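Inspection log for the structure reproduced underneath, given as structure tokens.
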Amino acid sequence: MFLSKSSTPQQLREAVKAKNNRQEIITAFSQGTVSRRDLIKWGLFTGAGALAWKNGLNPLVGNANAAIPTGIPSSPLFGAVKFSQPMPRFDVMQRKAVSALTPAPTVQANITQKAVPAILGGGTGPVEGRPPGAIWAHQKYDQFAPKVAVETVTKGVEVNNSYNPQVSSSLNSGIDPAAPIAPRFHPRMPIQNANSMWTYGGTAPPKLLLGRYGEPILFRQHNGLSADVRQNGGFGRHTLSTHEHNGHHGAENDGFAGAFFFPGQFYDYHWPIVHAGLNSINTTATDPRAGAPDGNGGITRLPGDWRETMSTHWFHDHAFSFTSQNSYKGIAGALNLYSSLDRGNEAINDGVNLRLPSGKAKDWGNLDYDVNLVISDKAFDQSGQLTFDIFDFNGFLGDVMTVNLASHPYFEVERRKYRFRLLNGSVSRFLKLALSDASPMIQIANDGNLLPRPVVLTELDQQGTAERYDIVIDFSRYSAGTRVHLVNLAEHNDGRRVAKDLSIAEAVSGLSSDPCVGRLLEFRIARNAAYPDMSLVPAVLIPNPDLSAIPISRTRDFEFGGGANQPSTSVTADVGKWGVKTDGGALLAADYGRVTAAPRAGTREVWNLRNNNGGADHPIHIHFEEGQILSRDGSAANVPPWERGRKDVYRLRPGGSMQITIQFRDWGGMFMQHCHNSVHEDHAMLMRWETNALGSTDLVPLPTPVPTPQGVKFQAATRLT
């Protein structure tokens with residue numbers, strides 16, 4: 001994000017001018033006044049989908065001293081000093097009765113009409129942006145009627161006057177929850193404008209939703225963004241779609257990229273929170289391991305496979321072609337799922353609860369020693385507002401590392417075990433984390449799923465965007481007053497891949513040209529534990545489901561790479577540098593109206609994922625169902641212990657491949673598969689696949705939604721042969 005230290009003042013001035021020229025194009029494109037096809041026609045875009053390499057448009061052109069990665073000046077820090085501010089815990093979202101929602105939720109989309117602003121075309125449109133009719137009705141809504149409602153408005157940031165971390169100030173580094181929290185990344189940095197930063201609830205810190213199995217959630221999201229698409233600070237789009245990553249529920253609630261909705265509308269997402277396999281395994285709900293806390297120290301037994309229990313999810317914007325921009329602006333939150341196995345109460349010893357670090361005051365969901373961390377890189381313009389380059393199609397890298405939307409904070413801990421739920425919330429940057437003193441960490445989960453066995457590591461594996469690593473750190477080995485840091489070892493030259501993994505000594509030396517290498521979070525060991533540590537890290541966590549008796553119905557090949565073609569001219573299609581090749585066919589850019597695969601419900605398949613590009617890494621995310629990795633680069637021996645659990649993001653690595661097996665059960669509809677370097681996803685490494693909930697042999701593709709403010713239209717889907 002900056003020119004090298006040897007750049008001259010003239011080179012900096014030229015870079016700033018080129019950056020401003022580039023920003024004009026970025027703004028016009030982000031506001032929809034020009035399209036990608038327009039830019040290609042005008043010669044400002046290459047056919048491969050990149051901004052033309054022209055003097056005056058790209059800060060690197062004509063500048064021999066350009067470094068990482070796009071040549072714009074480094075972010076101003078306004079005198080911010082590292083580790084001088086406390087890290088805020090997540091802000092817990094309010095749960096309320098479903099009956100408190102007005103209007104009441106409906107199985108099919110609520111098509112009650114209301115006026116549409118003139119800037120959006122005028123006339124009238126439905127109050128709910130969910131596509132109408134039976135095919136987008138909530139599946140199994142009566143069977144899993146919502147028991148809890150969570151209502152939020154996505155809008156530009158403002159001061160938070162109702163911060164609710166659900167822990168005491170002493171467990172939140174002294175932060176007073178009653179004090180207003182301004183939307184800024186450091187006390188010395190400017191407050192973010194409402195068009196620079198968008199969040200759930202319109203406030204920071206990031207939001208955390210607490211859910212438990214057997215307690216379906218109705219998540220109502222209001223689009224409170226400006227109807228004027230130009231009010232976006234130069235990037236981001238005011239159409240929204242929230243993906244609950246990797247929720248096991250119907251496609252109408254998955255955050256399908258083409259099911260976005262407009263300012264003034266809401267969307268009701270129905271998240272049933274069930275164990276996968278509920279129709280085929282433990283159907284009489286006799287196994288207490290497939291269960292949920294009952295609120296009184298006991299277990300509510302539930303149908304399904306206990307080995308499919310999930311723990312750490314997150315949710316984020318997924319609007320077609322704007323996922324990277326909208327999530328980078330702040331539209332992302334965390335979802336902790338609690339079960340009879342992962343209860344969130346370390347004191348209950350019932351023979352089922354794993355007693356992972358958490359706390360003991362509540363029956364479930366204690367956060368005292370269970371800490372969510374979202375790590376993401378950001379960049380700021382010269383006025384201190386968030387900035388983003390939407391034309392760097394290799395991937396966007398920021399130069400300021402943040403934890404929970406705070407730049408280089410500290411976090412006070414007690415001398416005991418803590419669980420940290422680590423989310424890589426960057427749009428392109430990979431992480432590789434270690435402690436500055438090289439002491440061990442215990443990885444207990446990958447992608448929200450507890451591993452079969454814990455893994456002790458001094459350095460975590462590279463963590464791709466959207467991957468979640470749950471780790472346990474035992475701070476009892478330190479004396480009070482000690483400070484130790486979480487360190488990033490993954491050095492980037494651009495957004496395509498990690499250039500080099502550094503040693504801890506190299507990373508903390510300050511010599512890397514990548515400003516996001518090195519210390520990012522300071523742990524301050526503040527005091528002895530408030531009460532005896534009753535938490536455990538059991539030798540066995542959650543074994544994988546046994547799939548040996550389930551036949552493989554089909555094997556499919558998916559190849560991910562650059563230089564994609566786009567045969568479609570539909571409004572559901574995009575052009576871009578990246579694409580997906582299916583079963584040896586053409587490498588195609590994204591079109592959410594095209595069904596690329598149609599696995600049959602009730603079956604198991606094997607999918608071969610290949611990266612045809614040695615210069616880029618692709619973390620591939622498959623919606624809806626989790627899978628198991630069978631082999632990496634052709635060998636089961638290449639699958640490390642921390643990848644031997646269930647996954648939903650699959651790191652291909654440059655030129656690499658992976659074979660996975662995946663089941664299709666319980667729900668149906670249209671889902672996505674894409675690269676979670678979300679810049680690659682937006683340009684246009686994304687495909688649609690579809691499964692029929694009834695499991696018919698010949699799936700008839702569902703009509704494709706085409707949202708407008710006046711209502712969702714439908715067009716016939718196309719299908720690869």
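It should be emphasised that the depicted structure is a prediction, and the values quoted were computed from it without experimental measurement. Sequential numbering from 1 along the given sequence is applied to the chain's residues.
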* After noting the C-alpha distance and the side-chain angles of His316 and His676, does the key distance pass the ring-ring contact (aromatic ring centres under 6.0 Å, His included) rule? -> CA-CA 12 Å; His316 61 88; His676 224 299; 5.2 Å; yes
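- With Asp533 as reference, Lys417 is the one residue of Lys417, Arg419, Lys360 to meet the salt bridge (Lys or Arg N to Asp or Glu O under 4.0 Å) rule.
- The backbone N or O of Asp648 sits less than 3.5 Å from a side-chain atom of Asp447, completing a donor-acceptor pair.
- For Arg429 (side chain) and His492 (main-chain N/O), no donor-acceptor pair under 3.5 Å exists by modelled atom type.
- Put simply, the side chain of Arg421 never gets that close to the backbone of Asn372: no donor and acceptor are under 3.5 Å apart.
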* **Test side-chain contact (heavy atoms from CB on, under 4.5 Å) applied to Ile331 and Thr154, step by step** => CA-CA 8 Å; Ile331 309 178; Thr154 300; 3.9 Å; yes
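- The aromatic rings of His243 and His245 sit tilted, their planes meeting at an angle between 30° and 60°.
- Here the side chains of Glu506 and Val517 are not in contact, with every heavy-atom distance at 4.5 Å or above.
- Classified by interplanar angle (parallel below 30°, tilted 30° to 60°, perpendicular above 60°), the ring pair His485/Phe83 is tilted.
- Taking the six-membered ring for Trp, His621 and His318 have ring centres at least 6.0 Å apart.
- Side chains of Glu412 and Arg527 form a contact here, defined as non-hydrogen atoms less than 4.5 Å apart.
- Considering every non-hydrogen atom in both Asn160 and Pro205, the closest pair reads ND2-CD, 4.1 Å.
- When atom types are taken as modelled, the side chain of Lys362 and the backbone of Gly365 share a donor-acceptor pair closer than 3.5 angstrom.
- Listed here is the closest heavy atom pair of Gln385 and Ser196: OE1-OG, 2.8 Å.
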* Asked: Would Ser407 and Thr402 count as a side-chain hydrogen bond (donor to acceptor under 3.5 Å, both in side chains) if you check the C-alpha gap in whole Å, the side-chain angles of each, and the deciding distance to 0.1 Å?
  -> CA-CA 4 Å; Ser407 172; Thr402 70; over 6 Å; no
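- Of the possible donor and acceptor atoms, none in the side chain of Thr323 sits under 3.5 Å from a partner among the backbone N and O of Ser678.
- By the 30° and 60° cut-offs, the orientation of the rings of Phe396 relative to Tyr328 is perpendicular.
- Here the closest heavy-atom approach between residue Ser327 and residue Val427 is recorded as OG-CG1, 4.1 Å.
- No side-chain heavy atom of Ser324 sits less than 4.5 Å from a side-chain heavy atom of Glu681.
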* Step by step, work out the side-chain hydrogen bond (donor to acceptor under 3.5 Å, both in side chains) result for Ser439 and Tyr478. => CA-CA 11 Å; Ser439 57; Tyr478 302 105; 2.8 Å; yes
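- Residues Thr312 and Arg468 come closest through the heavy atom pair O-NE, 3.2 Å.
- For the pair Arg524 and Tyr410, the distance from NZ or CZ to the six-membered ring centre is under 6.0 Å and the angle to the ring normal is within 45 degrees.
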* Dump the intermediate steps for side-chain contact (heavy atoms from CB on, under 4.5 Å) on Leu450 and Leu356, then the final yes or no. => CA-CA 11 Å; Leu450 293 175; Leu356 297 169; 4.1 Å; yes
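- The side-chain heavy atoms of Thr152 and Phe219, taken from C-beta on, include a pair separated by under 4.5 Å.
- For Arg188, the CZ atom is loosely surrounded, since the number of other residues' heavy atoms within 6.0 Å does not exceed 12.
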* **From CA spacing to verdict: side-chain contact (heavy atoms from CB on, under 4.5 Å), Phe185, Gln192** => CA-CA 8 Å; Phe185 290 86; Gln192 293 297 300; 3.7 Å; yes
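- Taking the side chain as every heavy atom from C-beta outward, Val540 and Arg453 approach each other to under 4.5 Å.
- Classified by interplanar angle (parallel below 30°, tilted 30° to 60°, perpendicular above 60°), the ring pair Phe523/Phe420 is tilted.
- With Tyr269 as the aromatic partner, Arg220 does not meet the cation-pi criteria of under 6.0 angstrom to the ring centre and within 45 degrees of the ring axis.
- Under a 3.5 Å cut-off, the side chain of Asn677 and the backbone N or O of Gly495 do form a donor-acceptor pair.
- At a threshold of 4.5 Å between non-hydrogen side-chain atoms, the residues Val487 and Leu435 do not count as touching.
- The nearest pair of heavy atoms linking Asp399 to Cys516 is C-SG, 3.6 Å.
- The closest side-chain heavy-atom distance from Pro515 to Ser74 is not below 4.5 Å.
- The heavy-atom pair separating Gln443 from Trp642 by the smallest distance is OE1-CB, 3.7 Å.
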* Yes or no on ring-ring contact (aromatic ring centres under 6.0 Å, His included) for Tyr338 and Tyr213, after CA distance, side-chain angles and deciding distance? -> CA-CA 6 Å; Tyr338 296 95; Tyr213 276 88; 10.0 Å; no
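- Taking 4.5 Å as the limit, every side-chain heavy atom of His408 sits out of range of all side-chain heavy atoms of Arg519.
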* **Full working for ring-ring contact (aromatic ring centres under 6.0 Å, His included) between Tyr200 and Phe315** => CA-CA 10 Å; Tyr200 295 105; Phe315 51 98; 5.1 Å; yes
